[in-house]
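In what follows, a single structure is set out as structure tokens and then discussed.
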Amino acid sequence: MVKEIERAGIPVVHVCTVTPISMTVGANRIVPAIAIPHPLGNPNLDHEEEFKLRRKLVEKALKALETEVDGQTVFEG
Amino acid sequence: MAKIKVVHYINQFFAQIGGEEKADYPAELRVGEIIGPGTAFESAFGDEAEIVATIVCGDSYFNENIDKAKADILEMVKSQKPDLFIAGPAFNAGRYGVACGTITDAVLNELGIPALTGMYEENPGVDMFASKLYIVSTKNSAAGMRAAVKKMAPLALKLARHEKIGASVVEGYIPTGVRVNFFEKERGAKRAVDMLLKKLSDKPFVTEYPMPDFDRVAPNPAVKDMAHAKIALVTSGGIVPKGNPDHIESSSASHYGEYCLDGVEALSSETYETAHGGYDPVYANDDPNRVLPVDVLRQLEKEGVIGKLHDKYYSTVGNGTAVASAKAFAAEYAQKLLEDHVDAVILTST
């Protein structure tokens, strides 16, 4: 799906936990997520902390969309 | 001759520990136990080989802790000093396929023990490992267990005995890309003309040299002005309005859903849920923003970090869904996103 969105001409960032799968699928901008059943959350945190964590990940995804890449790039850290 | 000693790797599901709610089960060595598909292998082996231990590991645990899981499992395998290692088969289960491929590769290349796994051709584990391993081609669900074992057991024994392995079409494994010279009965020119005649009369023919399929799409330019950009959300994590009005299937989805976010400030457990059957749904159902972060994007929209969150999102279930289906869904909604002047997409996967 990532590839088809990219093919249509829209920049796309893939937020997912198993980044090797994203690499084989052919995503160009990849942001590693927290865990498979809760990619953008962590049920062990309280609500406010969890929201902050999610905001950080979404900001990272936006940053990836604002970054020029010339091939598949995993935005670590 | 002594029996070939086999260690078998399976996930939490085939070990009958549980489904997705147990997918975080850490790696465990069970010496002397033959579990689930192991019994089918054991009977296919007859007197030739025996399973001396089974290693069980949850699919999410393996994929989320790949280095530790791999290291732990390698130690477990080593402790049993087997002559042969078998993982799976994983059929079309993505995380299981990645686990089987990773561990089979490690056992083969780091421990030097003959190793084999099996999976469906669309499993992501195939793309990752087909060039490094023998992966027996299986059906896409566990209904194909009997057929899979029938192909895997003899190939596994051959590997353990260090016998010569035949071509992929003969042995039933997914082509590794290794080419071996041999003499054909017919000369090349005749084979080519035969193929051409078949092609001209619309009859099926098999190419001798399939063209490699490098389907890569170059990245689009970055978003220049995020503060005025329209951002859309898409997910393969199956987030749908409560009650799943479009009946998106929990696995092998046949369609996607388009849902309105107009006036939605955040997703909640009362109004949204996941239709996905391939991960433990507890966390996503409890707070669907964990998969589709509407709450955060609304805040960023208010603060002017992004211009606008697109008022529609697209969702399907990426569990065992055929690559061709996913491709068709996305090609279709990508056009809608274009028509709606969306500048960029955040796609989340579980």
Side-chain angles (χ1 to χ4, degrees), chain A residues 1-45 47 50-73, chain B residues 20 23 59-60 63-64 66 94-95 98 124 127-128 215-224 226 229 231-232 234 236-237 279-284 286-287 289-293 295-297 299-300 305-306 316 318 326-327 329-331 334-335 337-338 342-350:
Chain A
M1 296 209 296
V2 184
K3 217 158 49 189
E4 293 312 305
I5 295 169
E6 194 93 77
R7 207 191 302 275
I10 308 172
V12 52
V13 55
H14 193 201
V15 182
C16 65
T17 305
V18 191
T19 53
I21 296 186
S22 187
M23 291 293 285
T24 45
V25 165
N28 290 316
R29 293 178 171 92
I30 303 167
V31 168
I34 309 290
I36 291 161
H38 43 84
L40 290 117
N42 181 352
N44 297 322
L45 300 176
H47 191 74
E50 190 181 10
F51 183 84
K52 270 192 209 156
L53 172 79
R54 176 154 57 249
R55 177 165 169 141
K56 250 170 124 175
L57 266 172
V58 172
E59 282 173 346
K60 205 199 267 184
L62 294 176
K63 194 94 214 146
L65 287 169
E66 290 177 292
T67 308
E68 300 290 354
V69 296
D70 53 10
Q72 293 192 290
T73 309
Chain B
E20 289 302 330
D59 287 334
S60 288
N63 282 275
E64 289 171 4
I66 217 155
R95 284 165 301 156
V98 173
D127 267 353
M128 291 166 70
D215 185 21
R216 285 287 180 253
V217 180
N220 287 307
V223 176
K224 301 276 181 306
M226 193 55 86
I231 306 294
V234 173
S236 64
Y279 66 90
D280 184 351
V282 171
Y283 313 104
D286 189 36
D287 182 357
N289 298 290
R290 286 170 177 155
V291 177
L292 198 77
D295 56 353
V296 164
L297 281 157
Q299 193 185 57
L300 294 168
V305 177
I306 63 166
T316 191
K327 198 175 148 106
F329 302 163
Q335 291 309 313
L337 293 168
L338 277 177
V342 165
D343 295 302
V345 169
I346 298 176
L347 195 155
T348 64
S349 288
T350 44

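No experiment lies behind these values; they were computed from the predicted model shown. Heavy-atom basis, side chains included; hydrogens, waters and symmetry copies ignored. Letters A, B, ... are given to chains in the order of the sequence lines, protein chains preceding strands, and every chain is numbered from 1.
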Q: May I ask you to name which of A/A35, A/C16, A/A27, A/A33 has the most heavy-atom pairs under 4.5 Å with chain B?
A: A/A35
(Q) Less than 4.5 Å to any heavy atom of chain A: does that hold for the side chain of B/A331, its backbone, both, or neither? (A) both
Q: Could you look at B/Q335 and say if it's the side chain, the backbone, both or neither that has a heavy atom under 4.5 Å from chain A?
A: side chain
Q) Of all of A/T73, A/V13, A/I5, which one pairs up most often with chain B through heavy atoms under 4.5 Å apart? A) A/V13
Q) Any side-chain heavy-atom pair from A/T17 and B/R95 closer than 4.5 angstrom? A) no
Q.
Less than 4.5 Å to any heavy atom of chain B: does that hold for the side chain of A/A61, its backbone, both, or neither?
A. side chain
**Q.** chain A contact via B/D286 - side chain, backbone, both or neither, heavy atoms under 4.5 Å
**A.** neither
Q: Measure B/V305 against the heavy atoms of chain A and call it side chain, backbone, both or neither at under 4.5 Å.
A: side chain
Q.
Shorter than 4.5 Å, heavy atoms on both sides: which option in B/A344, B/P221, B/S349, B/G318 has the most such pairs with chain A?
A. B/S349
Q) How many angstroms lie between CG in A/L40 and CD1 in B/I346, if you round to the nearest 0.5 Å? A) 8.5 Å
Q. Is there a side-chain contact between A/P37 and B/V282 (heavy atoms, below 4.5 Å)?
A. no
Q) Contact part of B/V291 toward chain A, heavy-atom cut-off under 4.5 Å: side chain, backbone, both or neither? A) both
Q: Look up atom CZ in B/R290 and atom CG in A/N42, then write down how far apart they are to the nearest 0.5 Å.
A: 8.0 Å
Q) What part of B/I306 is in contact with chain A, defined as an atom under 4.5 angstrom from a non-hydrogen atom: side chain, backbone, both or neither? A) side chain
Q: Please look at A/V31 and chain B and tell me whether the side chain, the backbone, both or neither of the residue comes under 4.5 angstrom of a heavy atom of that chain.
A: neither
(Q) Please classify the contact between B/S236 and chain A as side chain, backbone, both or neither, with a heavy-atom cut-off of under 4.5 Å. (A) both
Q: Could you grab the distance from atom CE of A/M23 to atom CE of B/M128, nearest 0.5 Å is fine?
A: 10.0 Å
Q) B/Q299 versus A/V58: any side-chain heavy-atom pair under 4.5 Å? A) no
Q) Does the side chain of B/V345 come within less than 4.5 Å of A/E6's, by heavy atoms? A) no
(Q) Rounded at 0.5 Å granularity, tell me how far CG in B/N220 sits from CG in A/L65. (A) 10.5 Å
Q: With a 4.5 angstrom heavy-atom cut-off, could you sort out which part of A/V2 is near chain B: side chain, backbone, both or neither?
A: both
Q | Straight-line distance of B/T350 OG1 to A/H38 NE2, nearest 0.5 Å | A | 11.5 Å
Q.
Does any backbone or side-chain atom of A/T67 lie under 4.5 Å from a heavy atom of chain B? Answer side chain, backbone, both or neither.
A. backbone
Q: Just give me the residue among A/S22, A/A8, A/G71 that pairs up with chain B most often, heavy atom to heavy atom, under 4.5 Å.
A: A/A8
Q | From A/N44 atom CG to B/Y283 atom OH, the distance as rounded to the nearest 0.5 Å | A | 7.5 Å
Q. Can you name the nearest heavy-atom pair linking A/M1 to B/L347, along with the distance?
A. CB-CD1, 4.0 Å
